[in-house]
Structures are given as structure tokens and as C-alpha cells.
Amino acid sequence: MMDCIKLSNLMRFRINSTGNGGQCFDGQVESWLVAILSHGIQEIDLCFDIRKLPDTIFTCKTLCVLKLNTNAILEPLDTVCLPCLRILHLKKVVVFDEGYTNKLLLGCPFLHDFRVDSYALNVPGQLSISAPSLTNLKLNITRVSLTISLGLLLPLLLHCCSISTIVTT
């Protein structure tokens with residue numbers, strides 16, 4: 001299928017396979033993602049079950065919007081470089097590294113909208129969020145015991161940031 005599309009003109013990529021049980025073949029989807037990530041994609045919206053995402057999704061210099069609703073286990077990241085990313089939505093992802101979220105946000109210097117829903121943080125400790133450019137923050141985190149540290153965000157939150165929800169369960 002990807003062979004038929006002129007990748008240089010592809011700006012937006014979306015997969016939603018919830019209608020067939022949410023199952024996609026990991027290898028096939030990973031090859032599609034690797035192909036589009038190397039051709040200047042600006043928006044990715046994934047809604048299906050996949051176990052692992054390619055690391056290159058977190059180093060795409062042209063990506064402006066990234067929405068993941070995947071049931072993926074997000075492995076610790078060596079490098080995050082998303083200089084154009086403005087919108088990051090994570091839904092139904094599992095994280096085993098306490099510093100994952102902060103490392104991810106540090107690699108997104110112009111992030112404005114950060115939403116987390118059904119985010120399973122499976123490590124002891126705290127979730128640190130430090131992203132001075134944020135204007136919209138929504139957190140819904142599955143966790144028995146969690147401390148949320150807003151770091152440098154607190155002054156911004158009091159003046160200009162919209163917080164929709166902060167829920168821990």
C-alpha cells in the first residue's frame with residue numbers, strides 16, 4: 001500500500017483499526033512508520049494495538065503532531081529530538097522508566113499541548129513535568145501511588161496554562 005503513495009507529499013498519517021479489534025501487524029506498521037518518518041511527515045495519529053514503536057518516531061525533526069493510542073510499552077529512550085512538535089497526546093501507553101516523561105518533554109522545546117490518558121506508570125517515584133512552552137495540560141494516570149511534580153510549570157500554570165484534568169488512580 002505504501003508503495004502507491006508518493007511519500008514526499010504525505011503530511012498526515014493516521015491509522016485507526018479499532019473497528020477490527022484494534023489489531024495490526026507490528027512489523028508491517030513499523031515499516032510504514034519508518035518510511036513516512038524519513039520523508040518529512042508532520043502529523044501522526046495512531047489508534048491500534050502495537051507492542052513497540054520505532055525509536056525514530058521520537059527523533060523526527062518535521063513532526064508537529066503526535067497522537068498515540070496504542071497499548072504500546074514505551075521503552076526507555078536514548079534520544080528525543082522533536083524540535084517542531086506542538087501537540088503530544090499519549091493514550092493507553094505503559095511506561096517502566098520514571099524519567100521517561102520528563103526526557104520526552106525536554107526533547108520537545110515548543111510543545112504547547114500535552115495530554116495523557118490511561119497512562120500506566122509502572123515505576124515507584126514521581127512524574128516530573130517540565131515544559132515551559134506548555135499552554136494545555138491534561139493528565140489521567142493509572143498508578144497506585146504517585147507524586148506529580150510540575151517543576152518550572154507552576155508559575156505558568158497559575159497564569160496562562162489550561163489544565164483540564166489531573167487524575168491518578
Can [Y] be reached from [X] by stepping across I, L, V, M, F, W or Y side chains whose heavy atoms are under 4.5 Å apart?
X	Y	value
V80	V65	no
L68	I87	no
L111	L77	yes

Salt bridge D117-R115, side-chain N to carboxylate O under 4.0 Å:
no
Are any non-hydrogen side-chain atoms of [X] and [Y] less than 4.5 angstrom apart?
X	Y	result
F114	L105	yes
V93	N71	no
L88	V116	no
L46	L33	yes
F58	L104	yes

Could you report the tightest heavy-atom contact between [X] and [Y], atom names first, then the distance?
X	Y	result
K92	N69	CE-OD1, 3.2 Å
I41	T62	O-OG1, 2.7 Å
S133	P109	OG-O, 3.3 Å
L66	L85	N-CD1, 3.7 Å

Do F110 and L82 pass the side chain to side chain contact (heavy atoms under 4.5 Å, CB included) test, and can you show the C-alpha distance, the side-chain angles, and the key distance before you say yes or no?
CA-CA 9 Å; F110 298 105; L82 297 164; over 6 Å; no
Please list all pairs meeting salt bridge (Lys or Arg N to Asp or Glu O under 4.0 Å) that have one or both residues in residues 63-86, counting only residues at least two apart or in different chains.
none
Not counting sequence neighbours, list each pair that qualifies as a salt bridge (Lys or Arg N to Asp or Glu O under 4.0 Å) and has a residue in residues 34-46.
R12-E43, R14-D45
Is a donor on one side and an acceptor on the other found under 3.5 Å between the side chain of T59 and the backbone of C81?
no
Under the side chain to side chain contact (heavy atoms under 4.5 Å, CB included) criterion, do D113 and H89 qualify, and how do the steps go?
CA-CA 8 Å; D113 184 353; H89 295 178; 3.3 Å; yes
Rounded to the nearest 0.5 Å, what's the gap from [atom1] on [X] to [atom2] on [Y]? Could you check?
X	Y	atom1	atom2	result
C60	Q42	SG	CD	9.5 Å
F13	L37	CZ	CG	9.0 Å
L63	I57	CG	CD1	7.0 Å

